[in-house]
Amino acid sequence: MEQPDPELEKKAHRAQMILYGVMILFLLLPFFLLWLKNKGVFN
């Protein structure tokens, strides 16, 4: 078993963080939009 490339590992880690960030964003977005709607931003 050889050591994985550290550069590749760094890239994979960054991609994973971005993926998690996007997932959290999409989870929070509906609540954020509902809050804006309740504040009366859209009308």
Side-chain angles (χ1 to χ4, degrees):
M1 189 81 192
E2 55 180 296
Q3 284 294 96
D5 186 14
E7 197 59 39
L8 194 69
E9 212 168 285
K10 215 188 295 176
K11 279 200 185 108
H13 186 254
R14 194 184 314 146
Q16 203 177 22
M17 287 296 113
I18 290 170
L19 194 67
Y20 282 134
V22 168
M23 273 173 21
I24 289 167
L25 193 73
F26 275 113
L27 278 173
L28 294 179
L29 198 64
F31 298 107
F32 183 64
L33 289 175
L34 268 174
W35 177 74
L36 283 181
K37 208 176 139 203
N38 287 340
K39 294 276 279 187
V41 174
F42 295 128
N43 44 15

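Remember, it's a predicted structure, so these values are computed and weren't measured experimentally.
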- Message: If hydrophobic residues (ILVMFWY) are linked whenever their side-chain heavy atoms come closer than 4.5 Å, directly or via other members, who joins L19 in its cluster?
- Response: none
- Query: When clusters are formed from ILVMFWY side-chain contacts under 4.5 Å, directly or step by step, what else is grouped with M17?
  - Reply: Y20, M23
- Query: How would you list, by chain and number, every residue that makes a side-chain contact (heavy atoms from CB on, under 4.5 Å) with I18, sequence neighbours excluded?
  - Reply: R14, V22
- Item | Fellow cluster residues of I24, listed by chain then number, with links counted only when side-chain atoms sit under 4.5 Å apart | L28
- Item | Under the side-chain contact (heavy atoms from CB on, under 4.5 Å) test, residues paired with F32 that sit two or more places apart | W35, L36
- Message: Any heavy-atom pair between the side chains of K10 and H13 that's under 4.5 Å?
- Response: no
